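Here the structure is laid out as structure tokens; the discussion comes afterwards.
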Amino acid sequence: MNPFAQFFPRLFSLARRHLILTSVLVLLCLVFAFFGFWIGFIQIVVLLVPIALIAWTLIARRIAKRGESGGMSEAIAVCSYIALASVATFAIIQAVPYGKDHTNPSNYNRQYEPNWDSTATRDLVVRACYGCHSNEVEYPSYSKIAPISWMVASHVDEGRSAVNFSTITKDGNANHDLRESIEIIQEGEMPPSYYTHFGKHPEAKLTAEERQQLIAGLTATANR
Ligand code: HEC
């Protein structure tokens, strides 16, 4: 049996039989997408694809066996299959290699850092920015689990490619990167709000005073 034969007619008639359940599921998908956006990793919505494929395979098998039965028992079966598909997807994605490598580039050498105006400035940048913009990333234990590992890897990859404070002078854009950093801190965009959600990384939550101190320190460093 091909579970995807007559996919759309079967899907639509299933949705029509279970209008409330369908609305709840659509709403849950939207909440999931909003959550992805909120944690700065909208890409997480791709997980809905394997969940839907696995769940549909199970649902189609049930329809082939019992017909379009409708009613409570079919609704419960659909919910169980979706739950099962979610657990299976979570298990399967643990095998994806992306995000597993937590080694910082080994050729790390402080000589390529900016010519900091003071150690206080460096300390603030380490606290607020090094989690994504350096070769000294400290990976928390929960970042071993997919899809969190994917989220962390994507933030570090994108962060490093924008600005890497560990290689900033070697990369040749030190002054430009420092000025861009000052601007982006003034705009309140960095560190990103998602970095301190759930009480994570409290050291990166700067007070207004520390923020001013950081801007002044980066300005002094850029003017050296
Ligand atoms: C949670 C990881 C994370 C932290 C912490 C973080 N950044 Fe970023 N940063 C990113 C990512 C991801 C990007 C690239 C995508 C974007 O612009 O949102 C980025 C981009 C940037 C850019 C380039 C912006 C542009 O428009 O090209 C600058 C400059 C920057 N960050 C500075 C900082 C500074 C300064 C800090 C500390 C005060 C900081 N970031 C903290 C993740 C982070």
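This one's a predicted model, so the numbers in the text were calculated from it and none came from an experiment. For ligands, and for the atoms within them, numbers begin at 1 and follow the listed sequence.
Among the backbone and side-chain atoms of His133, an N, O or S atom lies under 2.8 Å from atom 8 (Fe) of ligand 1.
Proximity annotation for atom 5 (C) of ligand 1: of Ala128, Gly159, Ala162, Ala128 comes nearest, heavy atoms only. Taking all heavy atoms of Glu189, Met190, His155, Glu158 into account, the minimum distance to atom 17 (O) of ligand 1 is reached by Met190.
Near Ser181, meaning under 4.0 Å from any of its heavy atoms, are these atoms of ligand 1: 29 (C), 32 (C), 35 (C). Close approach of ligand 1 to Val163 (heavy-atom distance below 4.0 Å) involves ligand atoms 28 (C), 29 (C).
Comment: Glu113 engages Arg122 in a salt bridge, judged by a side-chain N to carboxylate O separation of less than 4.0 angstrom. Here Glu210 pairs with Arg127 in a salt bridge; the nearest charged N to carboxylate O distance falls below 4.0 Å.
Ring geometry for His201 against Tyr195 counts as parallel: the plane angle stays under 30°, on a 0 to 90° scale with 60° as the upper cut.
Contacts between Pro192 and ligand 1, counted as non-hydrogen atom pairs separated by less than 4.0 Å, involve the side chain only. If you look at Leu218 next to ligand 1, there are no close heavy atoms at all, none under 4.0 Å.
Pairing each heavy atom of Gly40 with each of Tyr194, the nearest pair is CA-CD2, 3.6 Å.
A search for side chain to side chain donor-acceptor pair (under 3.5 Å) contacts involving Asp117 returns Thr121, Thr221, not counting sequence neighbours.
Of the N and O atoms on the side chains of Asn135 and Asn164, at least one donor lies less than 3.5 Å from an acceptor on the other residue.
Every heavy atom of Tyr130 sits 4.0 Å or more from the atoms of ligand 1.
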